[in-house]
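The structure appears below as structure tokens.
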Amino acid sequence: MGDFDPAFIQEPEHRPKPAVIEADGIPQIDLSPYITITSSPNTNPEAIHNLVDQIRDACKNWGFFQVINHGVPIDSREKIQLAAKRFFDQPTDEKRQVKRGEKNPFGYYDTEHTKNVRDWKEVFDFTVDAPAVMPVSYESDDEETVEYDNQWPQYPPELREACEEYVKEVQKLSFKLLALIALSLNLAEDRFEPFFKDHTTFVRLNHYPPCLAPDLALGVGRHKDAGALTVLAQDDVGGLEVKRKSDGEWIFVNPTPNAFIINVGDIIQVWSNDAYESVEHRVRVNFTRERFSIPFFMNPAHYTVVEPIAELTNEQNPAKYKAYNWGKFFVTRKYSNFKKLDVENIQIYHFKKSDERKIDDVVSRIENIVI
Ligand code: OGA
Ligand code: NI
């Protein structure tokens, strides 16, 4: 392995195990009772109740689940998958025509680092509701915002339409999931909706090429998703591993054709005051087969102040987090993921009331090193 670029090599304790553990895996949930309720109001309330119970158990015990009968047409998923493959099949120079830079966080790039180790992947990011409005800087007293547009490539010509059609469908699903999660926390079905009025949801097309050293590198290093909810489409190759809450073991998520994998992000962890934890996951790569996946990261408006939901806290269960601004958090995170930094990346545990560090300390440490 003499030629393998050391930038990709994980520390021994974070390398994938030679044998994948499949176990029983994450729960599979059939959404048909809730998907049909909108067209036929006669759906059995007991079926909905049962569904909400399954969502609650999955969110508590795993932070992850798969959904079937989710209402997203297979056709729109196949179209985006095909277009993504055609885009990534091009030479790197072509893809770099729409390269993400410090001026625009959307587009193509192949140099992302997770926890300061380079990921074995290339990606194309686009925002669902262009232009995305974000704070200009991570400095807390700077109120200026900026608009970011998507950078669509010329080739393949059908990519843009395939992406736009796909997100329309997945967005409907994401709002249904959000409503089910609200119900599972005994909140009103539409409790979370207002946070998404000017949402900053974005989608990533992931391509994991075959890797000469799949025992040393990862497609994406261990991490938690920072947003509210992730709706992931993976192909039949598989590679996603989820850290099982009961024993910390990495569990392989067996691909189920046309299912979506759902996980709770850091924002739901904070809203639920830790009732639902955002769970670590990572991607293993493969010696022979390339893999594609498409996460849809459902994120609130940039000005959203994220804090535990009032109805879910009381004297016995006080808020465990200080409020933080989503846009500032996002910009800080993007900035430090973009470059390999020798500082700890910003994480929501920095906002735990029990953590004495302040966001400004974390931000100024990043600033000192980069600028
Ligand atoms: C991610 C992620 C999983 C996958 O991009 O945040 O966790 O299976 N991807 O590609
Ligand atoms: Ni992720």
Side-chain angles (χ1 to χ4, degrees), residues 10 14 16 20 22 25-26 62-67 77 80-81 84-85 88 100 105-115 117-128 166-167 170 174 200-211 214 217-244 250-269 276-286 289-299 329-330 333-334 336-338 345 347-348:
Q10 298 282 335
H14 298 307
V20 299
E22 280 184 38
I26 60 173
W62 283 91
F64 266 85
F65 51 97
Q66 300 209 52
V67 293
R77 178 156 162 177
I80 192 174
Q81 281 170 335
K85 175 157 174 52
F88 287 119
R100 163 187 160 177
F106 301 116
Y108 171 81
Y109 61 111
D110 58 3
T111 52
E112 188 162 67
H113 293 76
T114 303
K115 307 264 190 314
V117 181
R118 190 162 164 199
D119 293 333
W120 191 266
K121 69 173 182 193
E122 52 179 349
V123 312
F124 177 82
D125 285 353
F126 65 95
T127 181
V128 165
Y166 177 77
V167 297
V170 175
S174 69
T200 54
T201 297
F202 74 99
V203 171
R204 170 165 293 176
L205 307 178
N206 276 314
H207 176 224
Y208 304 98
C211 178
L218 286 169
V220 186
R222 69 192 196 288
H223 69 283
K224 299 175 178 186
D225 293 346
L229 193 71
T230 305
V231 180
L232 175 90
Q234 71 164 338
D235 67 12
D236 62 347
V237 175
L240 175 64
E241 293 186 329
V242 171
K243 196 168 183 173
R244 183 161 60 194
W250 288 101
I251 305 296
F252 186 79
V253 178
N254 227 352
T256 302
N258 300 317
F260 285 99
I261 298 160
I262 313 300
N263 67 290
V264 159
D266 290 349
I267 291 181
I268 289 187
Q269 174 171 330
Y276 296 167
E277 276 169 55
S278 168
V279 164
E280 255 185 343
H281 51 285
R282 66 184 191 187
V283 172
R284 58 194 297 149
V285 281
N286 191 294
R289 292 185 74 186
E290 63 179 346
R291 172 176 181 261
F292 296 89
S293 76
I294 310 174
F296 172 102
F297 297 109
M298 189 186 202
N299 295 330
F329 182 90
F330 185 83
R333 188 50 105 73
K334 274 264 164 219
S336 54
N337 271 5
F338 188 63
N345 204 340
Q347 304 288 345
I348 50 157

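Start at 1 and go down the list; that is how both ligands and their atoms are numbered.
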Handout entry: Note: E241-R282 ion pair, threshold 4.0 Å (strictly below)
Key = yes
Problem - H281 N/O under 3.5 Å from ligand 1 N/O - result: yes
Exercise for the section: Answer yes or no: is there a side-chain heavy-atom contact under 4.5 Å between D225 and H281? Expected result: yes
Practice task
Just let me know how I261 lines up against ligand 1, side chain, backbone, both or neither, with a heavy-atom cut-off below 4.0 Å.
Solution key: neither
Exercise for the section: Return yes when R282 approaches ligand 1 closer than 4.0 angstrom through a heavy atom, no otherwise. Expected result: no
Exercise for the section: Report the C-alpha separation of F297 and F202 in whole Å, then their side-chain angles, then the decisive distance to 0.1 Å, and conclude whether the ring pair (Phe, Tyr, Trp, His ring centres under 6.0 Å) test is met. Expected result: CA-CA 5 Å; F297 297 109; F202 74 99; 5.0 Å; yes
Problem - For atom 5 (O) of ligand 1, the protein heavy atom that lies nearest, with its residue and separation - result: N206 ND2, 3.4 Å
Exercise for the section: Kindly assign one of parallel, tilted or perpendicular to the pair Y166 and F260, based on the angle between their ring planes and the thresholds 30° and 60°. Expected result: tilted
Practice task
Go through ligand 1 atom by atom and flag the ones less than 4.0 Å from a non-hydrogen atom of F297.
Solution key: 1 (C), 5 (O), 6 (O)
Completion exercise
For residues 201-211, the salt bridge (Lys or Arg N to Asp or Glu O under 4.0 Å) pairs (sequence neighbours left out) are E112-R204, D125-R204
Practice task
Take every heavy atom of K121, measure it against each atom of ligand 1, and state whether any distance is under 4.0 Å.
Solution key: no
Exercise for the section: Provide the number and element of each atom of ligand 1 under 4.0 Å from a heavy atom of D225. Expected result: 6 (O)
Exercise for the section: Heavy-atom distances under 4.0 Å are what count here, so tell me which part of T230 touches ligand 1: side chain, backbone, both or neither. Expected result: neither
Problem - N or O contact, R204 vs ligand 1, cut-off under 3.5 Å - result: no
Problem - Residue pair N263 / V279, side-chain heavy-atom distance below 4.5 Å - result: no
Problem - For atom 6 (O) of ligand 1, the protein heavy atom that lies nearest, with its residue and separation - result: H223 NE2, 3.0 Å
Handout entry: Within-4.5 Å side-chain heavy-atom neighbours: L205 and V123
Key = no
Fill in the blank from the handout: Per-atom filter on ligand 1: closer than 4.0 angstrom to a heavy atom of R291 are 4 (C), 8 (O), 10 (O)
Practice task
State, yes or no, whether a side-chain contact exists between T114 and R222 at a heavy-atom distance under 4.5 Å.
Solution key: no
Handout entry: Sidechain-backbone polar pair: E280 side chain, W250 backbone, donor-acceptor under 3.5 Å
Key = no
Handout entry: ligand 1 contacted by P295 (non-hydrogen, < 4.0 Å)
Key = yes
Exercise for the section: Looking only at protein heavy atoms, identify the closest one to atom 9 (N) of ligand 1 and say how far it is in Å. Expected result: Y208 OH, 3.8 Å
Practice task
Flag the pair D236 and R289 as a salt bridge only when some basic side-chain nitrogen lies within less than 4.0 angstrom of an acidic carboxylate oxygen.
Solution key: yes
Handout entry: Proximity of R284 to ligand 1 by residue part, where a heavy atom lies under 4.0 Å
Key = neither
Practice task
Compute the angle centred on the Ni ion (ligand 2) spanning NE2 of H281 and OD1 of D225, and express it rounded to 10 degrees.
Solution key: 90°
Handout entry: Those atoms of ligand 1 less than 4.0 Å from some heavy atom in V283
Key = 3 (C), 4 (C), 8 (O), 10 (O)
